[in-house]
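Right, one structure below, let's go through it.
Computed from a predicted model, the values in this text were never measured in an experiment. In this chain, residues are counted from 1 in sequence order.
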Amino acid sequence: MTSAPELTVIRVPVSDPRVEPLLRELGHEYSTRYGEDAQDEIARYPDEEFTEPYGGLLLLLLERGEPVAGGAFRRYDTATAELKRIWTHSAHRGRGLARRVIAELERAARTGGYRRLYLTTGPRQPEARGLYLATGYTPLFDTEADPETIGSLPFEKHLAVRERTGKAPDQ
């Protein structure tokens, strides 16, 4: 029996060539689900917002050196990071990689001093909606309403405060 390949988590700038599959697939996904204007969502925020000096972060999960999943956050306000660009390569979906990305982003946000995470997903992304509900995010919308009547679906999650020992609290 062979074990699953080990995943490596790396922090990278948006300009890193390994980010290209993430941006390309997200652009295709958004355009397929929402139309041609969806590519604008990718370009909405300047790249520097996803760097540590600006309170942000972009990370990739690599398997055998190849990007298989990734995600980012940017500063929303002094206590809140906004999750963006959560992605799993189309050939690697169904393996729990998006959950791993979210866990890594949560850990980094907590370490960076954020106390709350915020995100929005589109009404035509039921997989993302299910992922955020399954990973403990609170919907800030009526979950019984037709998502198309709401538009962007906002979620939040409050992060546990670190103990004085510096150890992360049990989850």
Side-chain angles (χ1 to χ4, degrees), residues 7 9 14 19 21-46 49-50 54-61 67-162 168-171:
L7 296 171
V9 179
V14 175
V19 176
L22 177 154
L23 298 177
R24 183 183 65 245
E25 278 201 341
L26 281 176
H28 175 73
E29 192 80 23
Y30 295 161
S31 294
T32 300
R33 293 185 190 215
Y34 300 104
E36 292 180 36
D37 298 56
Q39 186 65 27
D40 293 342
E41 172 58 27
I42 301 253
R44 179 184 292 191
Y45 304 103
E49 288 195 26
F50 300 104
Y54 288 84
L57 168 74
L58 175 74
L59 64 80
L60 293 174
L61 296 185
V68 294
F73 64 74
R74 59 183 283 280
R75 180 184 311 275
Y76 187 76
D77 62 36
T78 58
T80 307
E82 180 180 17
L83 297 187
K84 303 296 289 177
R85 317 284 186 265
I86 308 299
W87 163 80
T88 300
H89 190 289
S90 56
H92 296 277
R93 293 185 179 156
R95 296 176 47 197
L97 298 175
R99 285 178 183 257
R100 171 77 184 272
V101 167
I102 289 171
E104 294 290 343
L105 290 171
E106 288 175 0
R107 186 176 1 272
R110 186 181 298 111
T111 300
Y114 291 112
R115 298 291 170 241
R116 176 179 172 256
L117 293 173
Y118 173 80
L119 66 93
T120 59
T121 192
R124 298 179 190 164
Q125 295 172 261
E127 308 89 345
R129 176 183 167 154
L131 172 67
Y132 301 130
L133 290 170
T135 52
Y137 285 76
T138 301
L140 302 176
F141 59 93
D142 179 357
T143 58
E144 300 299 316
D146 175 1
E148 290 289 333
T149 66
I150 299 170
S152 292
L153 307 177
F155 291 85
E156 73 174 354
K157 185 175 192 178
H158 293 273
L159 300 173
V161 178
R162 287 182 163 266
D170 293 334
Q171 291 187 5

Non-hydrogen atoms of Leu153 and Pro123 that approach each other most closely: CD1-CA, 4.1 Å
Give me the atom names and distance for the closest heavy-atom approach of Phe141 to Pro154. CD2-O, 3.2 Å
Could you point out which residue of Lys157, Glu156, Arg129 forms a side-chain contact (heavy atoms from CB on, under 4.5 Å) with Tyr137? Lys157
If I compare all heavy atoms of Val19 with all of Val14, which pair ends up nearest, and what's the gap? CB-O, 3.6 Å
Looking only at the side chains, is there a donor atom on one of Tyr132 and Gln125 sitting less than 3.5 Å from an acceptor on the other? no
Nearest heavy-atom contact between Ala69 and Leu97 is CB-CB, 3.9 Å
Looking at Arg85 and Gly70, would you say the former's side chain and the latter's main chain have a donor-acceptor pair under 3.5 Å? no
Taking Tyr34 for its side chain and Arg124 for its backbone only, find out whether a donor-acceptor pair lies under 3.5 Å. yes
His92 meets the ring pair (Phe, Tyr, Trp, His ring centres under 6.0 Å) criterion, sequence neighbours left out, with His89
Pairs satisfying side-chain hydrogen bond (donor to acceptor under 3.5 Å, both in side chains), at least one member in residues 73-83, at least two apart: Glu49-Arg74, Arg74-Glu82, Asp77-Thr80, Thr80-Arg116
Less than 4.0 Å between a side-chain N and a carboxylate O, is that true for Glu104 and Arg100? yes
Any heavy-atom pair between the side chains of Leu105 and Ile86 that's under 4.5 Å? yes
Do you know which two heavy atoms are closest between Trp87 and Pro67, and how far apart they sit? CH2-O, 3.9 Å
So which atom in Leu57 and which in Ala108 form the shortest heavy-atom distance, rounded to 0.1 Å? CD2-CB, 3.3 Å
Hey, what do you get for CD1 (Ile42) to CG (Leu22), rounding to the nearest 0.5 Å? 7.5 Å
